[in-house]
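Here's the structure, in structure tokens; my notes come after.
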Amino acid sequence: MTAAAVALDHRLARALDAWLPWQRWYAGKGRPHTAVTVVQSTPFSELPDGSVGSILVLRVDFADRGAAEHYQVPVGIRASLPDPVAPYLIAALDDLVVYEATGDHELVTELLGLVAGEHARDPLGFTSFGGFADGPPLSSRPLGVEQTNTSVVVDDRYVVKFFRRLHPGVNPELELPRALAASAGRHTAALHGAVEGHLDGAPVTYAVVQSFLAGAVDGWALAQDSLHRLRTEPWSAVREFAAEAFEMGRAVATVHAELAAGLGTGLLGPAELAGLAATMARQLDESCRVVPELALHRVDLAAAFAEVARLPGGAETQRVHGDLHLGQLLRGPAGWALIDFEGEPSLPMAERAVPHSPLRDVAGMLRSFEYAADHADLLAGPSNPAATARLRIWAEQGADAFCLGYAGVAGWDPRGQDALLRAHTLHKAVYEAHYEARHRPDFLPIPLAAVRRLLAQ
Ligand SMILES: Nc1ncnc2c1ncn2[C@@H]1O[C@H](COP(=O)(O)OP(=O)(O)O)[C@@H](O)[C@H]1O
Ligand SMILES: [Mg+2]
């Protein structure tokens with residue numbers, strides 16, 4: 001059998017069936033599946049020794065008969081496994097080995113060549129934006145961090161992000177940075193290329209190529225460092241972190257302005273406000289079913305969300321990041337940059353493309369400052385009122401500085417739209433409580449404390 005044919009071989013499907021549920025990015029955990037089927041195989045490279053690179057799309061069907069899920073798995077197929085690729089083995093099938101192409105420098109080089117040359121491998125098309133450095137890359141390495149997708153760093157200059165779960169529609173991580181390309185893009189990683197195709201007749205984004213911000217520190221790591229120093233040098237830690245938060249606010253406001261210029265704005269009229277209030281109330285109900293502690297505050301939370309429906313219309317909406325927190329900001333050589341515009345990976349693309357008030361992103365950041373401080377407080381063990389007070393000051397100064405930085409660029413202070421910002425912030429805390437209850441119950445006290453605090457204000 002040729003390496004190309006094995007890609008559709010039933011033995012491979014069986015091996016993928018066993019391998020898939022163990023992958024970090026697999027979203028179907030806890031949902032028994034009935035079948036894993038290779039529904040698309042696109043060979044993108046045939047090397048002289050007969051080995052093949054192919055982009056597979058797997059469909060997973062579930063016993064609950066709910067919607068099937070699709071996943072992308074770029075694979076290499078060779079007669080024997082090269083040493084550096086050993087950690088990426090998927091299956092050994094008689095005379096052939098199948099492994100993840102993301103771990104194979106030769107195959108990553110081939111893929112980047114297709115993007116640089118804007119080639120097509122039916123049904124996939126490769127597009128380049130703004131060109132690439134000359135010559136083949138010297139090195140590539142999977143990022144190796146906990147992530148929803150799989151990213152490969154090439155020559156410390158580019159990062160190729162392969163989306164794992166595929167949904168019909170253009171991924172915002174392609175759409176938004178492409179719209180930002182017209183502006184200088186100083187506060188995002190520049191977009192260099194994309195791999196796009198079709199699935200069930202709809203367009204699908206398979207991968208994007210962006211600038212790698214080498215040596216960048218992310219906002220969460222910076223906050224951890226600052227919170228550590230807070231114990232010994234409280235005032236300089238607070239001051240220095242607030243200065244960074246101010247710059248983060250400027251970066252977020254700049255990206256918001258660029259997104260509004262590139263993709264347009266709308267208005268929250270009475271109908272939209274009522275719709276937003278209803279969505280927040282519905283999600284509150286779902287979360288109260290999962291988190292009994294949240295149900296204790298249900299009436300007050302519902303009142304805060306109902307207030308949204310009574311607001312005078314007129315607040316602006318636009319495309320936003322949608323999942324903003326400290327970990328989504330990187331401080332590179334040119335200042336703070338926003339990354340990861342894909343939105344919530346489990347949602348259909350149409351839902352991710354809904355315009356929102358920019359306050360949604362601001363609320364994400366305000367929650368993140370508080371989360372970082374409360375997380376440090378929780379890890380510190382038995383309560384120490386002086387340390388807790390310092391943490392509160394750290395979070396409040398960070399949030400204030402962020403809003404001031406934002407206001408300096410946007411021309412309006414997010415805290416001016418009090419009720420809408422409060423509702424978005426509470427909505428985010430409810431989402432966190434739901435998430436923590438499911439995945440990290442030890443951290444559930446963090447969003448619950450936030451809910452109590454916000455409701456007391
Ligand atoms: N352009 C980039 N430059 C430098 N590091 C990056 C870049 N993009 C992502 N990273 C790093 O990789 C991590 C995961 O990236 P992210 O896009 O958030 O992945 P995912 O959406 O799959 O979870 C980030 O937290 C960051 O540390
Ligand atoms: Mg993501």
Side-chain angles (χ1 to χ4, degrees), residues 23-27 29 71-74 100 102 108 112 115 129-130 132-133 137 139-167 169-178 180-181 185-195 205-225 248 251-252 255 320-349 351-353 361 364-365 368 371-372 431-432 435 439:
Q23 304 314 305
R24 188 193 182 275
W25 39 261
Y26 178 63
K29 294 187 180 85
Y71 292 93
Q72 169 180 207
V73 185
E100 291 199 78
T102 46
V108 171
L112 268 189
V115 174
F129 305 99
F132 277 93
S139 73
S140 62
R141 57 179 169 93
L143 204 52
V145 298
E146 290 256 307
Q147 65 173 132
T148 315
N149 301 285
T150 298
S151 295
V152 181
V153 179
V154 179
D155 278 351
D156 271 1
R157 294 187 66 173
Y158 305 113
V159 51
V160 189
K161 181 168 176 175
F162 295 90
F163 297 106
R164 289 304 196 165
R165 177 135 180 226
L166 299 180
H167 294 270
V170 179
N171 194 302
E173 180 124 37
L174 171 60
E175 188 190 7
L176 271 50
R178 193 162 50 191
L180 292 173
R186 212 166 62 81
H187 293 296
T188 51
L191 179 68
H192 292 285
V195 183
T205 313
Y206 285 77
V208 291
V209 185
Q210 310 163 344
S211 287
F212 179 65
L213 306 170
V217 58
D218 75 71
W220 177 258
L222 191 95
Q224 295 312 302
D225 186 48
M248 291 182 204
V252 173
V255 170
V320 297
H321 182 286
D323 183 25
L324 203 58
H325 54 80
L326 278 161
Q328 307 279 39
L329 284 153
L330 298 184
R331 193 184 61 188
W336 286 100
L338 279 64
I339 58 161
D340 194 13
F341 286 84
E342 70 169 337
E344 169 57 47
S346 64
L347 291 182
M349 294 306 177
E351 258 180 76
R352 300 192 219 173
D361 284 347
M365 290 304 297
S368 201
Y371 194 104
Y431 168 86
E432 286 168 22
Y435 179 89
H439 302 283

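For ligands, and for the atoms within them, numbers begin at 1 and follow the listed sequence. For this chain, numbers begin at 1 and follow the sequence in order.
Note on D340: its N/O/S atom closest to the Mg ion (ligand 2) is OD2.
Looking at K29, its side chain does come within 3.5 Å of a backbone N or O of R24 through a donor-acceptor pair. In this structure, the side chain of S368 engages the main chain of L326 through a donor-acceptor pair within 3.5 Å.
Counting heavy atoms under 4.0 Å from ligand 1, residue L213 touches it through both backbone and side chain. Of the heavy atoms in A216, none comes closer than 4.0 Å to ligand 1. Contacts of T148 with ligand 1, taken as heavy-atom pairs under 4.0 Å, involve both backbone and side chain. In Q147, the parts holding a heavy atom less than 4.0 Å from any atom of ligand 1 are both the side chain and the backbone.
Between K161 and D340 there is a salt bridge, since at least one side-chain N of the basic residue sits less than 4.0 Å from a carboxylate O of the acidic one. Using a 4.0 Å cut-off between a side-chain N of Lys or Arg and a carboxylate O of Asp or Glu, R164 and E342 do not qualify as a salt bridge. The pair D156-R141 meets the salt-bridge criterion, with a side-chain N (NZ, NE, NH1 or NH2) lying under 4.0 Å from an Asp/Glu carboxylate O.
In terms of protein heavy-atom proximity, atom 27 (O) of ligand 1 is closest to L330 CD2, 4.3 Å.
The contact set between ligand 1 and A189, taken as ligand atoms under 4.0 Å from a residue heavy atom, comprises 1 (N). Counting the atoms of ligand 1 from 1 in the order shown, those under 4.0 Å from a heavy atom of N149 are 20 (P), 21 (O), 22 (O). The distance from ligand 1 to the heavy atoms of F212 drops below 4.0 Å at these ligand atoms: 3 (N), 4 (C), 5 (N). Listed by number with element, the atoms of ligand 1 under 4.0 Å from a non-hydrogen atom of L143 are 11 (C), 12 (O), 13 (C).
Note on E342: counted as a metal contact of the Mg ion (ligand 2), an N/O/S atom lying under 2.8 Å. Distance check for D323 against the Mg ion (ligand 2): none of its N/O/S atoms falls below 2.8 Å.
Atoms CG and CZ, from D218 and R331 in turn, are 10.5 Å apart once rounded to the nearest 0.5 Å.
When E173, Q328, K161, R164 are checked for heavy-atom proximity to atom 16 (P) of ligand 1, K161 turns out nearest.
Note: H439 and Y435 have tilted aromatic rings, judged against thresholds of 30 and 60 degrees for the angle between ring planes.
With sequence neighbours left out, W220 forms a ring pair (Phe, Tyr, Trp, His ring centres under 6.0 Å) with H375.
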